[in-house]
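Working notes for the structure below.
For the numbers below, each heavy atom of this structure counts, side chains included, while hydrogens, waters and symmetry mates do not.
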Amino acid sequence: MKRGHYVLQLLCLMTSILLLLSTSVPAHAAGSTSSADQAGIDELPSGLAPVTPVNIYLSPTGSDGLNNGTLERPYRTLGKARSVIRDTYSTLPEGGITVWMRGGKYALPAPLEFQETDSGSEGSPVIYRSYPGEQAVITTAKVIPSTAWNQLSPEAAARVHPDVYAGDLRELDLTALGIRNIEGFPGGTTFIQEWGIPDLIVNGARQPISQWPNPNRGVGGGRPGWATMNGSANAQSFYYGPGGQPKDGITTNDMDADGTARSIRWANSVEQGHSLYLRGFWRTDFDPVMSKVQKIDADRNLIRLLNVPEGGIGSKWSQAAPGVEEPPASGPSVHLHPYAGSSNAQNVDNSVYRVQDSVYQDVYTEQPDPPTVTNQVYRVGTGKEEWQAVNLLDEIDLPGEWALDFKDRKIYYYPNGDIANQDIIVADRSGPIIKMNDATYIQFIGLTIEGGMNNGIELKHSHHITMAGNTIRNVGGGGILDYYGHDNVIRSNDIYETGSFGISVGQAGDRMQLIPSHTQIVNNHIHDIGSLIHLEGMIITESIGVTIQHNLLHDMPKHGIRYAFSNDLLFEYNRVHHVSLIDGDAGAFYTARDWSSYGNVLRYNHIDDSPRANGFYADDGDSGDTYYNNIISDVSKAFIFGGGHYNQAYGNLIINAASVQIDDRGIQRNYTPDSEQAQPLLEKHPFAEPWKSYGTVLATTYGYNTHNLWPDVLDPDWNPQYPNGSRFFDNILVDTGPIASPKKGVVMIAHNTRINDIRLTDLQVFGKSPYNVQTYTRNAVVLSVFPDINTTYSQIGLFKDAYRPN
């Protein structure tokens with residue numbers, strides 16, 4: 001062995017010992033209190049009777065003008081209760097005020113806004129909550145009487161799907177009802193996130209906007225709900241039938257295969273001026289783009305978009321189109337570590353992987369984006385680029401489906417049952433349902449918030465706000481958004497059927513001054529989100545000192561949790577499953593592109609049942625995260641460290657993952673001290689306080705092999721384009737593929753134990769475990785690196801509290 005290899009091994013061993021001996025958490029890091037001790041989480045009053053000295057009562061059948069807000073004579077509106085508190089109490093009574101909302105629906109004419117004048121104080125909060133045993137629902141949606149629905153006009157009936165009886169559909173004249181936001185998508189003719197049109201909610205459930213293919217039906221062997229291109233014709237046109245030259249060689253006309261003359265029907269509607277939008281993965285397999293169709297040429301099997309998608313049509317991984325220069329391949333060099341089973345009963349290999357035992361293989365071969373979008377920039381396509389048509393009357397063929405026609409300014413709806421007996425509302429307000437600006441010490445407890453075109457709740461510049469035990473559903477935007485806040489509690493809420501995200505927290509605390517936010521996101525159930533805009537269940541950005549515990553997230557289109565440009569976040573006891581159901585290149589936990597986002601700890605989490613997703617994904621140079629004692633099962637890559645520094649994973653149990661990847665993409669992508677990755681760190685002035693000392697604390701706490709963290713990272717001679725300091729050690733890999741390591745950089749991959757057949761263990765139940773299964777292992781190898789796995793696993797996910805009794 002070369003002398004350099006001995007030095008590297010000794011260095012790895014020393015840093016490993018230092019890490020294992022280090023148990024403290026930096027002064028600015030996320031708290032280290034075990035979740036088993038719930039005393040670390042603020043407990044809130046949960047009494048089923050009034051617990052404040054002043055109590056105001058509301059009822060949908062009350063009166064703002066005639067009543068006095070008592071239980072016997074309640075007010076009717078939230079606006080009245082807010083005004084009474086503003087006008088009556090210049091100083092709030094000690095113990096605070098509770099507004100008790102009797103069961104029923106509270107329709108708001110506009111977003112309900114709380115300002116500084118509506119605030120409580122530390123000993124005197126203002127609390128809005130449902131009355132015991134009843135459910136108050138807050139909405140800004142418009143109630144639609146059954147008499148407003150009409151039979152289809154002859155023009156609309158002529159466009160109905162051939163397999164559907166036009167008499168079963170109904171139309172709603174939105175102009176006559178004063179419903180706005182019907183001119184078109186606010187994002188224009190090509191967009192990713194600006195949806196912004198009304199939503200249809202029937203009997204408490206958001207109705208599915210029409211699409212082809214149907215969500216439960218595959219076309220041409222593809223995924224349910226998606227068709228595939230047959231190759232590109234130019235930068236903004238693609239073939240749906242014969243004519244293209246896709247890489248997969250398949251050019252059948254799946255669009256017209258069912259005999260409904262779909263291409264001709266669509267072409268006629270477009271020629272009549274009706275908008276046809278396609279959602280497509282034109283260039284990448286993530287962040288699908290909504291594109292308006294300019295023309296359908298049924299003779300040539302060609303669809304032309306109105307705008308050129310960024311980069312042009314055709315997968316970035318397909319062959320360059322004729323006449324377009326092929327850019328050089330850009331990807332890291334890696335070693336692929338093979339493994340050989342031993343002869344013992346559990347087929348365990350405890351060896352330390354070495355260079356001479358390795359073979360070479362590139363595992364990351366992403367092509368760079370072309371520099372400029374022109375009519376000549378496109379690729380021939382793989383034949384697997386997915387797309388779907390959405391919001392079109394012509395494709396309403398299932399009960400419950402609907403479409404908003406921008407030309408007719410009508411909603412067309414295929415009711416499931418007798419429309420006269422349905423409770424129908426249309427969400428049309430562009431703002432949030434509840435909004436807080438510069439508010440403090442306000443609590444919303446046990447309420448249902450639904451029926452908005454935008455977000456359910458928005459907090460800005462507000463602190464000591466509590467959102468507990470609420471249900472946020474049936475909104476076109478996200479569930480809860482909290483920006484520029486601190487000391488807020490988002491606890492035990494159920495968030496589902498949102499058009500975009502679940503919970504989003506940004507600018508919490510002060511990263512520049514390293515002042516933690518102390519915001520808590522605890523015990524929330526987030527699922528079935530992102531149906532209109534593919535966002536995450538949880539998003540944390542530009543924040544410091546946020547605790548994320550005991551949340552359950554599942555059934556979402558892309559990443560489960562995205563955290564970026566943040567420090568000292570603590571993720572623990574969260575369960576994430578069934579993510580990346582639509583988008584590719586995703587992670588259950590995903591972060592990217594920041595050399596300053598150190599001190600984040602991810603421990604005691606379970607990721608499972610997400611074969612399209614990666615587990616923990618530190619993308620494009622992101623650095624400084626520590627992952628330990630997590631369980632990752634049935635994913636693609638369990639870990640990806642994409643060229644960043646000082647990412648480290650140890651004591652994790654990995655079951656049935658394709659691989660683990662640590663790469664040096666920074667070499668080809670030029671991750672230098674003046675790169676995009678370095679800018680967030682440079683902006684923090686890391687050679688001045690408080691960041692100067694923070695670097696020292698981080699290095700000491702997490703056992704980095706440096707005493708000069710920031711000087712090293714920003715020193716060209718340290719080679720920051722390498723993934724220096726990253727480590728993957730003392731992990732258990734069960735039925736899991738190879739570990740791909742970089743060829744360049746001071747990286748440790750050591751003492752990882754393989755169990756090649758899970759059937760020889762008692763670990764099966766940790767792979768796909770429902771809540772009612774008590775998991776337990778006696779596996780000595782697992783217990784040696786994860787000694788608390790049995791007690792830890794029983795705590796993962798939701799727990800019972802005053803706001804989540806079941």
Can you check whether Thr190 reaches Val289 side chain to side chain, under 4.5 Å on heavy atoms?
yes
Smallest heavy-atom separation, Asn470 atom then Asn493 atom, equals N-OD1, 2.9 Å
Look at the aromatic rings of His486 and His463 and report parallel, tilted or perpendicular, splitting at 30° and 60°.
parallel
Do Ile472 and Ile480 touch side chain to side chain, with heavy atoms closer than 4.5 Å?
yes
Check the angle between the aromatic planes of Phe191 and Trp195 and answer parallel, tilted or perpendicular using the 30° and 60° thresholds.
perpendicular
Does the side chain of Ile192 come within less than 4.5 Å of Ile533's, by heavy atoms?
no
Using side chain to side chain donor-acceptor pair (under 3.5 Å) as the criterion, list what pairs up with Tyr277, not counting sequence neighbours.
none
For Arg473 and Glu450: C-alpha separation, side-chain torsions, deciding distance, then whether salt bridge (charged side-chain N to carboxylate O under 4.0 Å, His left out) applies.
CA-CA 5 Å; Arg473 65 183 186 187; Glu450 69 172 0; 2.9 Å; yes
Under-4.0 Å salt bridge between Asp199 and Arg206
yes
Can you see which heavy atom on Tyr106 is nearest to which on Pro60, and at what distance?
OH-CD, 3.2 Å
Would Lys460 and Asp482 count as a salt bridge (charged side-chain N to carboxylate O under 4.0 Å, His left out) if you check the C-alpha gap in whole Å, the side-chain angles of each, and the deciding distance to 0.1 Å?
CA-CA 6 Å; Lys460 293 187 178 180; Asp482 177 6; over 6 Å; no
In terms of heavy-atom contacts, Ile144 and Leu172 come closest through CG2-CD1, 3.7 Å
State, yes or no, whether a side-chain contact exists between Ile521 and Val505 at a heavy-atom distance under 4.5 Å.
yes
Look at the side chain of Ser210 and the backbone N and O of Leu393, then say whether any donor-acceptor pair between them is shorter than 3.5 Å.
no
Going by distance alone, is a donor N or O of one side chain under 3.5 Å from an acceptor N or O of the other, for His534 and Asp583?
yes
Least distance between heavy atoms, Ala508 atom then Ser543 atom
N-OG, 3.0 Å
Verdict with supporting geometry, Gln507 and Glu542, side-chain hydrogen bond (donor to acceptor under 3.5 Å, both in side chains):
CA-CA 5 Å; Gln507 304 285 348; Glu542 290 287 357; 4.8 Å; no
In terms of side-chain heavy atoms, does Glu113 have a donor or acceptor partner in Asn437 at a distance below 3.5 Å?
yes
Would you tell me whether Tyr483 and Thr541 have side-chain atoms, one donor and one acceptor, within less than 3.5 Å of each other?
yes
Decide whether Thr519 and Asn488 meet the rule of one side-chain donor and one side-chain acceptor closer than 3.5 Å.
no
Decide ring pair (Phe, Tyr, Trp, His ring centres under 6.0 Å) for Trp402 and Tyr412; before the verdict, give the C-alpha distance in whole Å, the side-chain angles of both, and the deciding distance to 0.1 Å.
CA-CA 5 Å; Trp402 65 282; Tyr412 297 106; over 10 Å; no
What is the distance from atom CG of Leu553 to atom CD1 of Ile503, rounded to the nearest 0.5 Å?
8.0 Å
Name every donor-acceptor pair, under 3.5 Å, that has one atom in a side chain of residues 422-434 and the other anywhere in the protein, sequence neighbours excluded.
| unit_1 | atom_1 | unit_2 | atom_2 | d |
| --- | --- | --- | --- | --- |
| Gln422 | NE2 | Asn416 | O | 2.9 |
| Asp428 | OD1 | Arg180 | N | 3.4 |
| Asp428 | OD1 | Asn181 | ND2 | 3.0 |
| Asp428 | OD2 | Arg180 | N | 2.7 |
| Arg429 | NE | Pro109 | O | 3.0 |
| Arg429 | NH1 | Pro109 | O | 3.2 |
| Arg429 | NH2 | Pro109 | O | 2.7 |

Considering all heavy atoms, the nearest Thr147-Asn150 contact
O-OD1, 4.4 Å
Would you say Phe589 and Val576 make side-chain contact, with heavy atoms under 4.5 Å?
yes
Close side-chain approach of Val99 to Tyr75, heavy-atom, < 4.5 Å:
no
Let me see the working for Phe185 and Phe406 under side-chain contact (heavy atoms from CB on, under 4.5 Å), right down to the final yes or no.
CA-CA 9 Å; Phe185 292 110; Phe406 300 138; 3.8 Å; yes
Reported CD-to-OH distance for the pair Glu401 and Tyr414, which is rounded to 0.5 angstrom
10.0 Å
List the steps, then state whether ring pair (Phe, Tyr, Trp, His ring centres under 6.0 Å) holds for His577 with His606.
CA-CA 8 Å; His577 66 88; His606 185 195; 8.6 Å; no
In terms of heavy-atom contacts, Ser500 and Leu535 come closest through CB-CD1, 3.8 Å
Decide ring pair (Phe, Tyr, Trp, His ring centres under 6.0 Å) for His554 and His578; before the verdict, give the C-alpha distance in whole Å, the side-chain angles of both, and the deciding distance to 0.1 Å.
CA-CA 5 Å; His554 60 92; His578 291 92; 7.6 Å; no
Would you call the rings of Phe114 and Phe444 parallel, tilted or perpendicular, taking 30° and 60° as the class edges?
perpendicular
Measuring from Gln443:CD to Tyr128:OH, what's the distance to the nearest 0.5 Å?
12.0 Å
Please round to the nearest 0.5 Å and tell me the distance separating atom CG of Leu404 and atom NZ of Lys410.
12.5 Å
Value rounded to 0.5 Å, distance of CD in Gln115 from NZ in Lys435:
9.0 Å
To the nearest 0.5 angstrom, please state how far the CZ atom of Phe571 sits from the CG atom of Asn600.
6.5 Å
Residues Gln135 and Thr448: side-chain donor-acceptor under 3.5 angstrom:
yes
Could you check if a side-chain atom of Val475 sits within less than 4.5 angstrom of a side-chain atom of Asn455, using non-hydrogen atoms only?
no
Just by distance, with hydrogens left out, do Arg562 and Tyr590 show a side-chain donor and acceptor under 3.5 Å apart?
no
Pairwise side-chain contact, Tyr57 with Arg73, heavy-atom cut-off 4.5 Å (strictly under):
no
Ionic contact status for Arg409 with Asp173, cut-off 4.0 Å:
no
